[in-house]
There are 4 protein chains.
Amino acid sequence: MGQRKTTAANRERILQISSQLVRERGIEHTTLADIADAAGISKGTLYYYYPTKGDLVFDIAERHMTNMTERIFSRLESSRAGQSPRTVFRLVLDTVMRSRSRGEIHVYLLQEAMTQNPSLRKRFIQEYRNWRRIIEEGLARVLGNGGEYRVMAQVLLATLDGLILQRLVGVDSVPMDGIARFFESAGTPSPVS
Amino acid sequence: MGQRKTTAANRERILQISSQLVRERGIEHTTLADIADAAGISKGTLYYYYPTKGDLVFDIAERHMTNMTERIFSRLESSRAGQSPRTVFRLVLDTVMRSRSRGEIHVYLLQEAMTQNPSLRKRFIQEYRNWRRIIEEGLARVLGNGGEYRVMAQVLLATLDGLILQRLVGVDSVPMDGIARFFESAGTPSPVS
Amino acid sequence: MGQRKTTAANRERILQISSQLVRERGIEHTTLADIADAAGISKGTLYYYYPTKGDLVFDIAERHMTNMTERIFSRLESSRAGQSPRTVFRLVLDTVMRSRSRGEIHVYLLQEAMTQNPSLRKRFIQEYRNWRRIIEEGLARVLGNGGEYRVMAQVLLATLDGLILQRLVGVDSVPMDGIARFFESAGTPSPVS
Amino acid sequence: MGQRKTTAANRERILQISSQLVRERGIEHTTLADIADAAGISKGTLYYYYPTKGDLVFDIAERHMTNMTERIFSRLESSRAGQSPRTVFRLVLDTVMRSRSRGEIHVYLLQEAMTQNPSLRKRFIQEYRNWRRIIEEGLARVLGNGGEYRVMAQVLLATLDGLILQRLVGVDSVPMDGIARFFESAGTPSPVS
DNA sequence: GATGAATGAGTTTTCATTCAT
DNA sequence: AATGAATGAAAACTCATTCAT
């Protein structure tokens with residue numbers, strides 16, 4: 001059982017370090033030798049824990065998604081009916097955009113999912129559905145059940161991905177607050193004149 | 001053995017074929033050997049036209065951007081003040097989203113820009129600015145000059161990139177029309193009470 | 001398939017074999033494939049030991065210099081005050097000129113240093129300084145401390161390089177003994193009148 | 001006959017320009033494309049004048065040798081019996097060492113001769129014999145016919161080649177004047193005590 | 001569990017040379 | 001005389017993966 005613990009701890013360590021490297025260089029430019037080096041283990045040992053680069057990437061993705069899901073969920077959870085819509089939107093936007101590294105890895109993993117890794121792809125499809133649901137329900141709870149928030153959740157999610165992508169390339173962006181206000185203006189239908 | 005044909009025509013041919021391949025496999029998985037094969041020329045000849053893979057990719061990107069710009073511009077140009085906002089948003093959304101292949105190459109090129117190719121990166125930043133301006137001016141023309149469309153243009157562009165990315169991964173999406181309606185609802189600012 | 005043997009031994013083997021090949025063909029005409037073949041390993045394995053051709057060449061040079069330095073040093077060491085100057089000069093000349101292969105590699109490495117490899121260049125500059133010092137001190141010890149042997153050491157070193165170069169091209173040369181006598185005649189300064 | 005002239009002029013131009021490039025980069029790193037570009041002609045045209053890179057190099061070498069020979073000869077010619085030996089040595093040393101570019105090309109060509117080009121090799125052997133004779137005769141004329149200057153000429157030539165080589169690598173050198181004095185001390189036998 | 005030596009298939013790049021026009 | 005498009009053979013380098021110990 002001592003071994004078990006070690007194994008888990010090692011896996012964790014490898015995951016941590018390789019996530020870091022992928023964030024910095026992208027998946028294609030992170031070699032297994034890099035990872036083994038950074039982790040202070042041999043390539044052979046790396047193969048003991050992960051039989052394939054793809055498997056390792058899958059685990060990195062898994063962890064990334066879990067993180068994101070938890071984060072989004074807990075943020076929306078903590079926001080209640082009383083809050084102003086704009087505050088809620090800012091919350092979601094900030095949660096996702098705050099960490100540059102989170103965005104980097106997200107995009108790299110999406111890329112990998114679309115070109116290489118069918119199982120990763122399936123996983124992402126599933127998780128996006130999940131995210132949309134969480135956001136949709138969160139919006140309903142805060143902004144009131146009357147509205148239809150399906151489209152809004154989708155647009156919000158797409159905007160986030162787009163902004164991340166653009167930020168990684170270096171495209172200059174409008175301040176997050178302006179974007180929050182934009183969603184607010186769409187979310188609260190104009191009082192009919 | 002001296003096939004003739006103008007350089008321009010051959011370049012064009014190489015560009016066409018390699019764009020195609022990049023669309024199908026991504027940049028990293030399109031080798032120069034693949035391109036030469038598909039074009040029916042030798043690797044040496046490919047070198048004659050493009051001394052580096054990076055140069056070729058840059059040209060592919062250049063052409064892609066020009067295409068996109070023209071397309072967006074001409075679509076917005078043809079829409080006039082009388083049109084309903086929703087129609088205008090659909091127009092822009094459809095212009096960009098219509099072709100799956102266009103989306104694929106766009107994302108691959110962005111990836112390349114962010115990890116590998118600084119000059120490509122600069123080019124993209126410049127072109128995004130351009131796109132935003134075109135869209136902003138188009139919206140102002142159609143929806144009326146009173147509004148501030150900077151944020152909306154940014155969100156629209158980000159949404160488009162996000163939707164492309166998600167579609168490539170296979171994430172299921174709300175119908176385009178719903179999204180157009182969403183932008184419409186935000187675009188017609190509530191009359192100040 | 002896991003041949004074992006220590007890294008050091010393999011490195012040694014690769015070094016030996018590649019030195020040999022470089023001697024025969026020069027650096028530019030010795031390919032990594034040649035070396036791998038001759039060593040009975042794959043190109044990939046070669047890469048395992050030397051990640052770059054430059055690194056390998058540097059090591060070859062390093063070893064060559066060490067050899068030369070040791071040789072010159074020990075020869076001069078063994079000559080004592082009693083010996084005739086001419087014998088001492090012959091000693092140095094012979095030490096360097098004896099092996100044709102040593103000369104070949106020396107010249108190839110110098111060429112590499114001057115056109116390609118800045119770190120190799122630095123190394124050579126350093127080692128030449130070293131050689132000059134060794135020779136200078138050796139001459140002082142044998143010929144008497146009164147003289148100034150800086151220039152003589154420089155000329156001796158230059159003559160050696162020139163003779164090596166010329167021999168490799170096939171230029172016909174005066175016998176070494178004549179050259180030793182020449183240095184002797186310059187080395188025993190005319191007694192001040 | 002107009003053509004003839006043009007042909008000769010073009011050859012000359014190519015020779016001039018390619019010498020320049022070889023000086024700057026060495027032979028291996030000067031491509032025919034480089035030369036054609038610099039000469040403002042096409043690669044095809046280059047082949048019209050020189051059927052092979054080797055032929056071109058041979059001509060470059062030929063011209064270089066002729067230059068050197070003329071230079072050495074005329075310098076020695078102009079020095080007469082009255083001059084001090086040291087002045088004569090400085091003359092020869094300076095003639096060869098003065099131009100860095102001359103030294104560069106000399107070494108590159110020697111290298112080429114020894115590894116690649118047997119006809120170039122023969123040419124160099126012949127020319128070295130020539131240089132030695134010129135120098136030998138010059139020394140005899142100036143320093144007096146009594147001495148045997150065969151060895152001295154050889155050492156002088158070797159020293160020059162060695163100094164050039166070392167200078168190209170960046171090895172620091174004693175001032176030329178010291179070297180001239182060294183040869184003087186050997187050339188004028190010490191008055192027997 | 002761990003290692004590191006070994007590999008092979010592939011990737012970009014280089015460049016002297018050819019030849020139809 | 002001149003061109004430039006085309007080529008092929010080879011070069012260095014990359015890296016995920018295997019496996020005996």
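Each chain gets a letter, A, B and so on, in the order its sequence line appears, and its residues count up from 1.
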Kindly point out which of E/dT3, F/dT17, F/dG8 is positioned nearest to the side chain of A/I41?
E/dT3
Walk me through whether D/Y50 and D/L15 qualify under side chain to side chain contact (heavy atoms under 4.5 Å, CB included).
CA-CA 10 Å; D/Y50 285 99; D/L15 220 48; 3.4 Å; yes
Any side-chain heavy-atom pair of D/I41 and D/I14 under 4.5 Å:
yes
Residue pair C/G40/B/T52 against DNA chain E: nearer the 5' end by closest nucleotide is C/G40
Distance, rounded to the nearest Å, where C/D55 contributes CG and F/dC13 contributes C1'
12 Å
Nucleotide paired to E/dA20 in any strand shown, Watson-Crick or G-U, under 3.5 Å
F/dT3
What's D/Y49 touching, base or sugar-phosphate or nothing? Going by heavy atoms closer than 4.0 Å.
sugar-phosphate
Using the salt bridge (Lys or Arg N to Asp or Glu O under 4.0 Å) criterion, which residues pair with B/D34? Sequence neighbours excluded.
B/R25
Tell me which of C/A33 and B/Y47 sits closer to the 5' end of DNA chain F, going by the nucleotide each one is nearest to.
B/Y47
Tell me whether the rings of B/H106 and B/F124 are parallel (<30°), tilted (30 to 60°) or perpendicular (>60°).
perpendicular
Which sits closer to the 5' end of DNA chain F, C/P51 or B/T45, going by the nucleotide each is nearest to?
B/T45
Grab the CG-P distance between A/D37 and E/dT3 for me, whole Å please.
12 Å
Phosphate oxygens OP1/OP2 of E/dG4: is one of them under 4.0 Å from a side-chain N or O of C/N10?
no
Take the protein atom NE2 of D/H29 and the nucleotide atom P of F/dA11, then report the distance between them rounded to whole Å.
14 Å
If I take atom OH in residue B/Y50 and atom P in nucleotide F/dA6, what distance separates them, rounded to the nearest angstrom?
13 Å
Establish whether the base of F/dT17 is bridged to the side chain of A/K43 by a donor-acceptor pair shorter than 3.5 Å.
yes
Of the options F/dT17, E/dT13, E/dG4, whose atoms approach the side-chain atoms of A/L32 most closely?
F/dT17
When we call it a touch if two heavy atoms are under 4.0 Å apart, what does B/T31 touch: a base, just sugar-phosphate, or nothing?
sugar-phosphate
Using both distances under 3.5 Å as the test, list the Watson-Crick or G-U wobble partner of F/dT14, or none.
E/dA9
Check whether the side chains of D/R13 and D/Q16 place a donor and an acceptor atom closer than 3.5 Å, and report yes or no.
no
Nearest whole Å is fine: how far is E/dG4 P from C/R11 CZ?
14 Å
Separation of B/E28 atom CD from E/dG10 atom C1', in whole Å?
14 Å
How many Å lie between CD1 on D/I27 and P on E/dA16, as a whole number?
12 Å
May I have the distance from C/I14 (atom CD1) to E/dT7 (atom C1'), rounded to whole angstrom?
13 Å
For the P atoms, the ones on E/dG1 and on F/dT21, what distance do you get once it is rounded to whole angstrom?
23 Å
